[in-house]
**Q** 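Please see the structure below; I have some questions.
These numbers come from a predicted model, not from an experiment.
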Amino acid sequence: MGFAAACMSTFGWGSDLVEKAAERAQKLAENLGDGEALFGATWIRWTYYYLAGDQRKALELAKTIRQMAEAGPPGVATLAAAHAVGFTHYSRGELLQAIEVLEWGRTIFDIELDRHMLPAFQLASGNALHTISASVYWILGETEKSDQMRTRALEISVELEHMPNRVHCLHVSSWSLMFNRDWSRLRKHIIMTRKIAEDENLLLWIPMCDAYLAIADIGEGDIERGQRLLDSGLSGMLELGTKLTMPQFVICAADALLTAGHPDKALARLDEIGQDMQVREELLLWSEFLRIRGAALLQLGRKQQGLADLKAAVSEAQRYERGPLLRRAKESLAASLENSTV
């Protein structure tokens, strides 16, 4: 398992060497009857598929990890299983399933369990459960809970004093800031993240930092610089073998471009990812994809297709109940219907 983690750090999250090393460790653990090693190797395999963006395979492995954890007493395995299953459901857009398992994991959270995880996993799953919950609650419209979870997650990451975990916490806690178009707070978060990543030689995080900063640039009006930096960040992510969160970056960039009055540029960005999102089943922001595409098409005179997309966006966002994504979709549809009768 240690070799697989080393390959991930050296060659990138999506390196084939990671999958091969983790699969070999998994088979070896099975042959030896070593349950703890088998759990760790399976978790590394989940990490590989999750970060590579294959959410179908990631969910399959995450469910296996949960079954293994539930066969034993609550502890580190419970936190790691909640991490795997919760994050995968989140990326697939299955937030009610995600929140159920995240709450399951948080009920046994103990910072000492997180400390125990760090040497082997380089991440603290209990911390991660709080971090991603901030984004889940924001999408579901529970902004106070979202802020509470983000604050608590950052406190835990500071207390753990582990820089790779700290960078992960800052990264994931920035998602809801990006979705909320909170450019100033997003920039502050990511500048801090980038500095730690550079100081600690955690260079795998730099392309994602660039993608965040690019979207903040576009949102604040520097379209040309933002577009260049986004291309650089996304290219860097692909070189590392990860497509995870790429739809989030592209969709939020398209939203900022549309808001800035560039429907053609927004549409071009969305064309980069639409089919890939469906194939990989990373559908968290699919309602936003449809909403932004529909609004852009309407502005470009393609009314029938634009209206169809906006209606589909409302239907898709219904699963997020009363949250801001449903509100945005309904507002965009209402505005288009009003304009069509003028």
Side-chain angles (χ1 to χ4, degrees), residues 90-91 93 95 134-136 138-141 143 146 174-187 189-190 208 210-231 233-234 237 243-278 282-300 302 305-317 320 323-336 339:
Y90 169 84
S91 293
L95 296 194
S135 187
V136 175
W138 184 86
I139 294 174
L140 293 176
T143 54
S146 174
S174 297
W175 289 346
S176 56
L177 299 178
M178 180 171 66
F179 301 159
N180 197 34
R181 305 162 178 158
D182 192 342
W183 309 130
S184 61
R185 289 177 70 193
L186 176 64
R187 188 179 295 279
H189 257 237
I190 297 306
M208 287 189 182
D210 287 346
Y212 280 117
L213 293 173
I215 294 162
D217 284 342
I218 295 170
E220 292 174 342
D222 195 339
I223 307 298
E224 186 176 345
R225 181 179 187 278
Q227 290 271 63
R228 286 198 312 270
L229 190 57
L230 183 59
D231 286 336
L234 297 179
M237 289 172 63
K243 290 186 175 182
L244 180 72
T245 72
M246 196 171 287
Q248 297 182 36
F249 290 131
V250 172
I251 289 169
C252 289
D255 181 47
L257 288 166
L258 182 67
T259 301
H262 299 281
D264 53 338
K265 291 183 172 64
L267 203 57
R269 282 293 177 190
L270 294 178
D271 285 342
E272 298 172 6
I273 60 163
Q275 184 175 357
D276 191 55
M277 288 178 71
Q278 293 285 333
E282 188 175 340
L283 298 172
L284 174 69
L285 294 185
W286 186 243
S287 69
E288 279 290 88
F289 177 96
L290 293 169
R291 179 188 68 81
I292 298 161
R293 188 175 71 177
L297 288 169
L298 283 171
Q299 290 185 30
L300 295 170
R302 296 160 64 180
Q305 186 181 352
L307 187 58
D309 270 354
L310 290 177
K311 289 179 179 178
V314 172
S315 178
E316 173 68 18
Y320 297 149
L325 302 189
L326 178 58
R327 183 174 65 251
R328 288 179 187 177
K330 286 182 174 180
E331 289 173 352
S332 294
L333 177 59
S336 71
N339 290 336

**Q** At their closest point, which heavy atom of L307 faces which heavy atom of S336, and how far apart are they?
**A**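 Residues L307 and S336, closest heavy atoms: CD1-OG, 3.6 Å.
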**Q** Answer whether the closest heavy-atom distance between the side chains of I273 and K243 falls below 4.5 Å.
**A**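 Side chain of I273 against side chain of K243, heavy atoms only: no contact under 4.5 Å found.
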**Q** So, taking the atom named CD1 in I292 and the one named CG in L297, what distance separates them when rounded to the nearest 0.5 Å?
**A**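 With rounding to 0.5 Å, CD1 (I292) is 12.0 Å from CG (L297).
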**Q** According to ring-ring contact (aromatic ring centres under 6.0 Å, His included), who are the partners of F249, at least two apart in sequence or on a separate chain?
**A**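 With sequence neighbours excluded, F249 shows a ring-ring contact (aromatic ring centres under 6.0 Å, His included) to Y212, given in chain and number order.
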**Q** Go through the steps to decide whether V250 and M277 satisfy the test side chain to side chain contact (heavy atoms under 4.5 Å, CB included), and finish with yes or no.
**A** CA-CA 11 Å; V250 172; M277 288 178 71; over 6 Å; no
**Q** A134 and S146: which non-hydrogen atoms are nearest, and at how many Å?
**A**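 Taking A134 first and S146 second, the nearest heavy atoms are O-OG, 2.6 Å.
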**Q** Mind listing the closest non-hydrogen atom pair of L244 and M237 along with its distance?
**A**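 L244 and M237 have their closest heavy atoms at O-CE, 3.3 Å.
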**Q** If the condition is side chain to side chain donor-acceptor pair (under 3.5 Å), which residues does D231 pass it with, not counting sequence neighbours?
**A**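 So D231 forms a side chain to side chain donor-acceptor pair (under 3.5 Å) with R269.
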**Q** With sequence neighbours excluded, tell me which residues meet salt bridge (charged side-chain N to carboxylate O under 4.0 Å, His left out) with E282.
**A**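 Partners of E282 by the salt bridge (charged side-chain N to carboxylate O under 4.0 Å, His left out) criterion, ordered by chain and then number, come out as R280.
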**Q** Mind checking what makes side chain to side chain donor-acceptor pair (under 3.5 Å) contact with Q278, not counting sequence neighbours?
**A**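 In terms of side chain to side chain donor-acceptor pair (under 3.5 Å), with neighbours along the sequence ignored, Q278 is linked to no residue.
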**Q** Please name all residues satisfying side chain to side chain donor-acceptor pair (under 3.5 Å) with Y90, sequence neighbours left out, ordered by chain then number.
**A**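 For Y90 the side chain to side chain donor-acceptor pair (under 3.5 Å) partners, ignoring immediate neighbours, are S135.
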**Q** Looking at CD of Q248 and CE of M208, how far apart are the two atoms once the value is rounded to the nearest 0.5 Å?
**A**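 It comes to 9.5 Å.
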**Q** Who pairs with W286 by ring-ring contact (aromatic ring centres under 6.0 Å, His included), at least two apart in sequence or on another chain?
**A**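 In terms of ring-ring contact (aromatic ring centres under 6.0 Å, His included), with neighbours along the sequence ignored, W286 is linked to F289.
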**Q** On a heavy-atom basis, which atom in D210 and which in G233 lie closest, and how many Å separate them?
**A**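 Shortest heavy-atom separation between D210 and G233 comes out as CB-CA, 4.1 Å.
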**Q** Would you please name every residue forming a salt bridge (charged side-chain N to carboxylate O under 4.0 Å, His left out) with R293, sequence neighbours left out?
**A**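 If we apply the salt bridge (charged side-chain N to carboxylate O under 4.0 Å, His left out) test to R293, skipping adjacent residues, the hits are D309.
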**Q** One pair to check against side chain to side chain contact (heavy atoms under 4.5 Å, CB included): W183 and I215. What are the steps and the verdict?
**A** CA-CA 8 Å; W183 309 130; I215 294 162; 3.5 Å; yes
**Q** Which pair of heavy atoms, one from P263 and one from A296, lies closest together, and at what distance?
**A**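 That would be O-CB, 3.7 Å.
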**Q** Is there a donor-acceptor pair under 3.5 Å between the side chain of S332 and the backbone N or O of A329?
**A**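 No: the side chain of S332 does not pair with the backbone of A329.
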**Q** Just jot down the salt bridge (charged side-chain N to carboxylate O under 4.0 Å, His left out) partners of R327, sequence neighbours excluded, or say none.
**A**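 Applying salt bridge (charged side-chain N to carboxylate O under 4.0 Å, His left out) to R327 gives none.
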**Q** Which residues pass the salt bridge (charged side-chain N to carboxylate O under 4.0 Å, His left out) test with D255, sequence neighbours left out?
**A**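 Only R181, R291 meet the salt bridge (charged side-chain N to carboxylate O under 4.0 Å, His left out) criterion with D255.
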**Q** What pair of heavy atoms forms the shortest contact from L258 to A295, and how long is it?
**A**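 Taking every non-hydrogen atom into account, CD2-CB, 3.7 Å.
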**Q** With rounding to the nearest 0.5 Å, note down the distance linking CG in L325 to CD in E288.
**A**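 Between L325 CG and E288 CD, I get 5.0 Å after rounding to 0.5 Å.
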**Q** Looking at CG of L284 and CD1 of I251, how far apart are the two atoms once the value is rounded to the nearest 0.5 Å?
**A**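 Interatomic distance, L284 CG to I251 CD1, rounded to 0.5 Å: 8.0 Å.
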**Q** For A260, check side-chain contact (heavy atoms from CB on, under 4.5 Å) against everything at least two apart and list the hits.
**A**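 In terms of side-chain contact (heavy atoms from CB on, under 4.5 Å), with neighbours along the sequence ignored, A260 is linked to I223, H262.
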**Q** Drop me the distance from L310's CG to K330's NZ, to the nearest 0.5 angstrom.
**A**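 The CG atom of L310 sits 14.0 Å away from the NZ atom of K330.
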**Q** What pairs with S287 under side chain to side chain donor-acceptor pair (under 3.5 Å), at least two apart in sequence or on another chain?
**A**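 Counting only residues at least two positions away or on another chain, S287 forms no side chain to side chain donor-acceptor pair (under 3.5 Å).
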**Q** Working to the nearest 0.5 angstrom, can you tell me the gap between T259 OG1 and I218 CD1?
**A**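 Separation between the atoms: 11.0 Å.
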**Q** Taking only residues two or more places apart in sequence, or in another chain, which ones meet L213 in a side-chain contact (heavy atoms from CB on, under 4.5 Å)?
**A**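 Applying side-chain contact (heavy atoms from CB on, under 4.5 Å) to L213 gives R187, I190, I191, R194, L229.
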